[in-house]
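Chain identifiers are assigned alphabetically (A, B, ...) following the order of the sequence lines, protein sequences preceding nucleic acid strands; residue numbering begins at 1 within each chain. Note that the structure is predicted; figures quoted are calculated from it, not measured.
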Amino acid sequence: MTVETAPMTTDLQSSPRMRHATQALIKKRYAAERRFRAYGVAAILFGLAFLVALFSTIVARGYTAFLQSAFTLDVNLDQGAFGSSTPPSQSDIIMADYTKLANRALFQALGVDPANKADAKAAASLLSANADVQIRKAVEADPSLIGKSIPLTLLAHGNVDTLMKGHFDRTVPENRRQLSDKQLGWLDKAAASGVLAKHFNTGIFTYGASSKPETAGVGVAFIGSLYMMLIVLLVSVPLGVAAAVYLEEFAPKNLLTDTIEVNINNLAAVPSIVFGLLGLAIFINFMGVPRSAALVGGLVLALMTLPTIIIATRAAVAAVPPSIREAALGVGASKMQSITHHVIPLAVPGILTGTIIGLAKALGETAPLLMIGMVAFVVDFPKTPFDSATALPVQIYMWATAAERGFVERTAGATLILLAFLVCMNVTAVLLRRRYERRW
Amino acid sequence: MSTPLLLLIVFALGIVGWFLGNRRARASVDGKTSALHSRPGYYGAYVLLWATLPALFLIILWLAIAPPITTSMVQSRLPEAIQTGPEQGLTLTMSTVRLVEKGLDALSPEELDKTANPSTDVKALLMSKGVPLAVTPEPYAVDAARYQLTLKRSSQLLITVAAIGLSLLGLAFGFLRVGPKLRSRNAVESVALAGLLGCSMVAILTTLGIVLSMLFESIHFFSIVPIQDFLFGTVWDPRFSSAGSGAAGGEFGLLPLLWGTLYISLVALLVAVPVGLFSAVYMSEYASGRVRATAKPLLEILAGIPTIVYGFFALITFGPLLRDVGASVGLSISATSVLTAGLIMGVMLIPFVSSLSDDIINAVPQSLREGSYGLGATQSETIKRVILPAALPGIVGAVLLAASRAIGETMIVVLAAGIAPNLTLNPFEPVTTITVKIVSQLTGDLEFNSPQTLVAFALGLTLFVFTLALNIYALYIVRKYREQYE
């Protein structure tokens with residue numbers, strides 16, 4: 001065979017026509033090769049382009065959420081507003097009409113005649129409905145301010161904020177606009193004189209749920225998420241590490257351990273919403289834990305994170321070389337001692353990395369929390385894990401479905417905060433792995 | 001005594017036991033610890049376990065069985081008419097009893113005695129303790145609440161005495177057994193091993209919990225709505241019934257939801273599979289080490305982004321963009337549509353397909369590649385004719401896993417797919433999915449006996465069965481393939 005084919009090849013190459021055909025074929029094959037490579041590059045670029053588009057959209061939409069328009073007004077806290085007794089009693093301070101004080105200061109700054117009812121109403125609507133609370137808090141913090149005139153930064157209404165951030169369309173006919181020409185006139189003047197300006201928005205970090213975009217923040221949701229992460233940590237890390245150590249080091253090969261392994265692999269791929277249904281049926285209906293409580297959310301997320309931690313821990317434990325175990329056994333340690341004294345300490349970096357990645361996943365999880373009633377309008381900070389709470393991603397979900405224009409920016413801002421946390425956690429995990437990863 | 005305090009006392013006794021056991025072990029050999037069977041700490045732990053574990057089991061048992069017993073004893077005191085009446089009436093009465101009992105608990109003993117007299121205004125009395133009642137409770141409800149309170153208090157007292165007693169008894173028993181010959185390490189380690197086994201059983205318990213809880217609620221649902229109407233119905237219209245009416249009053253056809261789910265998943269896979277596969281091939285076969293080290297983690301970021309963020313992006317940017325693009329070429333694309341949700345979900349799935357395929361392609365032995373190059377094949381021909389066929393089972397497994405993700409994905413479809421059930425082939429129209437309907441049926445005020453709520457569990461069960469089948473099949477394929485080259 002070989003003897004016969006050899007001259008044939010020479011024949012093929014020597015004949016000019018055949019050589020031409022071969023070269024054409026090779027050209028075609030090389031072109032196919034280049035095309036194939038280009039598809040690969042295109043696929044990667046597609047993914048990366050999407051990543052860039054996603055991040056740039058959210059940053060572009062969200063960075064303005066960290067600025068908030070507010071009026072800097074000289075609020076005259078005259079004695080008259082606080083009843084007759086001096087010093088005013090606690091109830092006087094609580095009951096005083098702060099809205100009136102705020103409006104008076106605003107009218108003065110904008111040059112509005114309070115006697116003109118229509119004008120006064122239009123001007124008053126430029127302040128946030130929360131302005132009175134801001135003054136009250138200032139007074140409560142320092143009652144000696146009463147009787148003085150103090151400069152205060154009071155939040156502007158959401159519409160004013162939209163205008164200040166350039167999202168307001170002035171070309172729309174006046175009757176279909178949120179702000180009238182007259183109001184725009186006042187605002188332009190106020191902005192020019194510096195009375196109305198954008199300040200760094202601390203509120204987005206401290207406020208809770210609100211129906212008004214200007215006083216809505218992720219503070220309460222953040223505390224809820226924090227509680228849940230703590231519960232996840234306390235429940236799933238000990239359970240997960242123990243389960244992984246058992247499966248990796250002790251488990252005999254039998255039906256029970258096989259079932260456990262198949263179960264863990266399957267749990268890792270069960271849709272998260274199903275865990276929410278589990279939480280609803282077992283923790284809330286059966287065990288009677290209050291709905292919306294951070295405890296339920298934490299437990300559900302802990303069950304969800306468990307497979308991640310078990311799988312990571314098993315990998316970390318398996319990576320510890322057998323020589324370590326054998327050395328420990330050789331000097332008389334029991335199997336349990338060799339594991340608790342040597343294997344687990346050496347596996348800690350891997351366990352930690354897995355834990356952080358699992359926590360990051362749990363932090364961004366929304367669907368199961370919707371099932372257990374964490375889509376709650378929570379204004380107060382939860383004091384214990386039994387109180388009603390909400391979570392960062394759920395807050396994002398609620399704002400994403402809110403109708404008002406101002407909430408779009410809040411949603412993107414909250415997303416940025418969430419992503420910042422996730423980036424920090426993942427970077428920590430990567431650094432931990434780099435720093436402590438040992439190769440034997 | 002409250003349960004947390006009781007637990008604290010039991011643990012405190014355990015710690016006392018640890019010190020005592022440790023001391024006795026040392027004392028029994030006059031400080032020469034080498035004469036002990038185990039190191040002294042194990043004797044301490046031995047006593048600690050004896051002092052805490054039996055008491056803990058007792059407390060757990062009590063927590064599990066005491067409330068149902070109390071409830072049934074209280075129920076038997078209620079008037080005959082309520083006990084045999086409709087279920088709602090009983091539930092309502094029992095919740096009033098619970099509320100009244102909570103209020104009575106805050107009263108002083110004298111005030112509590114006063115409530116025995118039917119003429120006392122219990123509502124006003126409880127109001128003063130910060131427990132507002134909507135209605136004036138019936139005398140029998142107050143009576144039942146008093147009875148429940150007495151029962152609870154006496155059972156609490158009983159468990160306190162029993163648990164502390166058992167703890168002390170265990171402590172004494174363990175303490176007396178401590179001696180140089182006691183194999184305490186072996187005992188402690190076998191308890192620890194049992195603990196480890198128990199922890200790994202949580203995985204089974206979770207699966208069991210998922211299956212049982214959904215099965216029970218689904219059976220409840222199918223007793224109201226026939227199972228064939230659910231599985232083969234083509235109309236989804238679960239009108240919300242008014243509280244307590246109990247009538248089905250709605251149609252619960254699964255098919256439109258299932259269609260929406262599968263359609264969106266299909267679109268998602270049409271994006272994710274080619275893109276993911278090509279990136280995996282490029283990264284494992286062509287890319288230099290540096291490109292691989294940057295591109296791979298970057299692509300994997302896509303898997304780390306919470307799905308709510310994708311959903312928000314689809315809702316705010318991508319959906320409107322598609323609509324505008326569609327309008328400019330004369331297509332009417334709805335902002336929430338199969339296409340929007342499918343494309344975004346496809347992007348989310350890219351890293352799932354690419355990392356798994358990458359691993360599988362890397363597992364193909366080098367000798368196969370070299371054999372192919374030796375025959376004169378180009379790199380792409382080797383990949384198409386040799387590597388991909390060899391890796392095919394694993395890739396199919398990866399695609400199936402991605403499909404199960406797509407079917408179970410919630411937040412993207414909630415925000416980007418729409419809420420109207422729609423049996424349509426047009427990818428530009430909104431459809432709805434199983435997960436969207438689970439969310440919409442279970443958010444808001446719940447009433448657990450209505451089919452409108454229970455259907456969510458039937459949907460959940462459907463989802464679970466679907467994804468479980470896909471996962472098991474995918475894992476089976478992946479595992480079978482892996483064994484070939486090892």
Side-chain angles (χ1 to χ4, degrees), chain A residues 29-30 32-33 36-37 39-41 43-44 46-48 50-51 54 57-58 61 239 242-243 245-247 250 259-260 263-267 269-274 277-278 280-282 285 303 306-307 334 336 360 364-367 370-371 375 393 396-397 400 408 411 415 418-419 422 426, chain B residues 185 189 192-193 195-197 199-200 202-204 206-207 209-210 213-214 217 274-275 278-279 281-282 286 295 298-299 301-302 304 306-309 311-313 315-317 347 350 378-381 401 404 408 410-411 415 435 438-439 442-443 448 456-457 460 463-464 467-468 471-472 475:
Chain A
R29 286 172 61 198
Y30 279 6
E33 171 74 29
F36 193 78
R37 262 183 104 127
Y39 292 151
V41 174
I44 293 178
F46 174 80
L48 296 184
F50 185 88
L51 197 65
L54 182 78
T57 317
I58 289 175
R61 294 256 185 181
L239 274 180
V245 166
Y246 179 78
L247 291 176
F250 293 103
T259 320
I260 294 176
N263 255 307
I264 289 170
N265 283 332
N266 277 323
L267 278 184
V270 166
S272 58
I273 193 166
V274 170
L277 289 173
L278 168 83
L280 178 61
I282 303 268
N285 275 359
L303 288 182
L306 201 57
S334 70
M336 189 66 88
E365 198 53 70
T366 322
L370 302 183
M371 300 289 94
V375 235
I396 293 175
Y397 167 69
V408 172
T411 318
T415 307
L418 177 66
L419 287 177
L422 293 180
N426 282 304
Chain B
R185 180 173 55 74
E189 285 184 353
L193 193 60
L196 292 185
L197 177 64
C199 287
S200 49
V202 171
I204 294 190
T206 311
T207 312
I210 290 176
S213 61
M214 291 208 288
E217 306 284 359
V275 175
F278 268 114
S279 1
V281 164
Y282 187 82
Y286 290 105
L298 278 177
L299 269 188
I301 292 180
L302 286 174
T307 53
I308 177 79
V309 177
F312 175 60
F313 179 72
L315 180 75
I316 294 297
T317 311
V347 172
I350 291 174
T378 63
Q379 231 172 335
S380 63
E381 284 161 354
L401 281 181
S404 110
T410 310
M411 294 324 292
L415 290 176
T435 47
I438 296 179
V439 170
L442 283 184
T443 33
F448 265 98
F457 288 93
L463 195 65
F464 181 71
T467 51
L468 190 73
N471 292 336
I472 289 182
L475 286 174

Spacing of [atom1] belonging to [X] relative to [atom2] belonging to [Y], to within rounding of 0.5 Å:
X: A/I264; Y: B/T206; atom1: CD1; atom2: OG1; result: 9.5 Å
X: B/M411; Y: A/I396; atom1: CE; atom2: CD1; result: 10.0 Å
X: B/L302; Y: A/L48; atom1: CG; atom2: CG; result: 8.0 Å
X: A/Y39; Y: B/S380; atom1: OH; atom2: OG; result: 10.5 Å

Among [options], who wins on heavy-atom pairs under 4.5 Å with chain B?
options: A/L306, A/V245, A/T411, A/L247; result: A/T411
options: A/S334, A/P307, A/G364, A/P393; result: A/S334
options: A/V270, A/I273, A/T259; result: A/I273
options: A/L370, A/V41, A/L277, A/T415; result: A/L277

[X], part contacting chain B, at a heavy-atom distance under 4.5 Å:
X: A/L239; answer: both
X: A/F46; answer: side chain
X: A/A360; answer: neither
X: A/I58; answer: side chain

With sequence neighbours excluded, tell me which residues meet side-chain contact (heavy atoms from CB on, under 4.5 Å) with B/P306.
A/L418, A/L419, A/L422, B/I308, B/V309

Can you say whether the rings of A/F50 and B/F313 are parallel (under 30°), tilted (30 to 60°) or perpendicular (over 60°)?
perpendicular

Which heavy-atom pair separates [X] from [Y] by the least distance, and what is that distance?
X: B/Y282; Y: A/G40; value: CB-CA, 3.8 Å
X: A/I44; Y: B/S279; value: CG1-CB, 3.4 Å
X: A/P271; Y: B/T467; value: CD-OG1, 3.4 Å
X: B/N471; Y: A/A269; value: ND2-CB, 3.2 Å
X: B/L193; Y: A/M336; value: N-CE, 3.7 Å
X: A/L278; Y: B/G209; value: CD1-C, 3.3 Å

One pair to check against ring pair (Phe, Tyr, Trp, His ring centres under 6.0 Å): B/F278 and A/F36. What are the steps and the verdict?
CA-CA 9 Å; B/F278 268 114; A/F36 193 78; 5.5 Å; yes

Are side-chain heavy atoms of B/F457 and A/L280 found at a separation under 4.5 Å?
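Contact flag for B/F457/A/L280 side chains = yes.
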
Looking at side-chain heavy atoms only, is the closest gap between A/N266 and B/L468 below 4.5 Å?
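Touching, per the 4.5 Å side-chain cut-off.
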
Expected output: side-chain B/Q379 to main-chain A/E33 donor-acceptor under 3.5 Å:
no

Could you tell me which of [options] has the largest number of non-hydrogen atom pairs under 4.5 Å with chain A?
options: B/I438, B/I350, B/L315, B/V281; result: B/I438
options: B/G460, B/G408, B/A203; result: B/A203
options: B/T317, B/V275, B/L299, B/V347; result: B/V347
options: B/P274, B/G195, B/S213; result: B/S213

Side chain to side chain contact (heavy atoms under 4.5 Å, CB included) for A/V274 and B/I210? Distances and angles first, verdict last.
CA-CA 7 Å; A/V274 170; B/I210 290 176; 3.5 Å; yes

